[in-house]
Protein chains: 2
Amino acid sequence: MSNNHFKKGELYSFITGKASTAIARRLQKRFNTAGLNITIEQWSVLYHLWKEDGRSQQQLCNATFRDKPSITRLVDNLEKLNLVKRVPSENDRRINLIYLTKQAQKLEEETMQIADETLNEALKTVPADRIEICKEVLQIVYDNLK
Amino acid sequence: MSNNHFKKGELYSFITGKASTAIARRLQKRFNTAGLNITIEQWSVLYHLWKEDGRSQQQLCNATFRDKPSITRLVDNLEKLNLVKRVPSENDRRINLIYLTKQAQKLEEETMQIADETLNEALKTVPADRIEICKEVLQIVYDNLK
DNA sequence: GACATATAGTTGTTTGTGCAACTATCCAAA
DNA sequence: TTTGGATAGTTGCACAAACAACTATATGTC
C-alpha cells in the first residue's frame, strides 16, 4: 500500500483538528478560571507581539496564518481591551505598527505558564521522540498546503 | 529534560492547529472549485451520517466533538440545503433523528474522493509509519483532554 | 400520581473566519 | 509627472463556535 493512503475512517479527525481543538478549549477554560479576559485567538496575536512588537498587521497575518480581515478585528478587540495600540508607520502611511501596552506586557508570564501547563497535560505520557515526529509531520502538512 | 517540555516557540502551532486549518482550507477550496455548495463543517456532519443516518443531534454532538447549539445550527443549514431532514423520534419525543436526503446521498462519493485527494496531497512525502505515530500522538492528546 | 432531576434541543449574544469589494498609499515605468 | 499595478488595511456578509438561559419531555423516587 502506498504511503499516502488513509483509511477513510481516519480522515476525519485530521481534517477537523480534534486534538488542537481540545487543547484550545482547555486553554481557554484555564484562562477563564484564572480570570483572564482574553480569547485564545487574541492570545495567539499577543504571543507573536511578545516575541517582538511594532509589527504590521500584515506581518501578524503571516505569523498567525490568518487573513487580513481577521487580524483587523482581532486588533480592534485587543485595542478595546487596552492591550495593544495601533501606531501609523512614519515611513509608509499604509501601515499600522502594533505595540503592546503595559497591561499586555504583564500578561505574558502568567499566560505562557498556563499554556505550558496545558500542553504538558495534553502530552503527558507521550515520549519526547514521538512528539518530535508528530511535530515534523504537521510541519510537512503545513508546508505542502500553505 | 522531561518528556513534556516544549520549547515555547513550538507551543503555538500545536494550539492553533495550523496543519488542520491548512487542510480544511484546501478542502473547502476544492469543494468550491467543484461547485459543491457546502462548508467543511457541514460536510463533517454528513460524513458521520453517511456511516449511519437516523442519528440524534446529541449523537452528532459526540461524533463531531461539537456542542448542542453548534449542531442545531449546522442541521438548520443542512435542512435549508435539502441535505438532511429532522424526524421526531417515536419513542422519545425530545429527540430528533437526522436522515439524509437523496441529494446528500449523491454527494458522498465525490466529496470523499476530494477529501482523500486532499489528504494525500497534504501527506505526500510523509512515510506511512510517521503518519501512524502522528495520529497516535494526536489521539493521546485528545484522550488526555476530552 | 407528584415532584425533582436529568436529558434533548433551541435561541440570544459575543467572538472569530473566509471571501469579496472597497479606500488609501506606495512604487515603477512610460 | 502621470498613470497603472501592487500592497496595507477596512467593511459587509454568511457561516460557525462557545456560553448561558430557556422549553419540552422523560425518568426515578417518594
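In what follows, every chain begins at residue 1, and chains take the letters A, B, ... in the order their sequences are listed.
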So what does Q28(B) touch, heavy atoms closer than 4.0 Å: a base, only the sugar-phosphate, or nothing?
nothing
Around atom NZ of K146(A), are there more than 12 heavy atoms from other residues, nucleotides or ligands closer than 6.0 Å?
yes
Mind checking if D67(A) touches a base, just sugar-phosphate, or nothing, with heavy atoms under 4.0 Å?
base
Between W43(B) (CH2) and dA16(D) (C1'), how many Å, whole number?
17 Å
Please say yes or no: joined through hydrophobic side-chain contacts below 4.5 Å, possibly via intermediate residues, are L97(A) and L46(A) part of one cluster?
no
Checking all strands, does N96(A) fall into the base, sugar-phosphate, or nothing category for heavy-atom contacts under 4.0 angstrom?
sugar-phosphate
Under a plain distance cut-off of 3.5 Å, with no hydrogens placed, do Q113(B) and E109(B) share a side-chain donor-acceptor pair?
no
Can you measure N32(A) atom CG to dC19(D) atom C1' for me and round it to whole angstrom units?
10 Å
Sugar-phosphate only, base, or nothing, as touched by N77(B) at under 4.0 Å among non-hydrogen atoms
sugar-phosphate
Atom-to-atom span, NZ of K68(A) to C1' of dC19(C) - whole angstrom
12 Å
Quickly work out the R55(B) CZ to dG9(C) P distance and round it to whole Å.
13 Å
Does R73(B) get its side chain close enough to the base of dG12(C), under 3.5 Å, for a donor-acceptor pair?
yes
When all nucleic acid strands are considered with a 4.0 Å heavy-atom cut-off, which category describes T72(B): base, sugar-phosphate, or nothing?
base
Contact class for L74(B) (heavy atom, under 4.0 Å): base, sugar-phosphate, or nothing?
sugar-phosphate
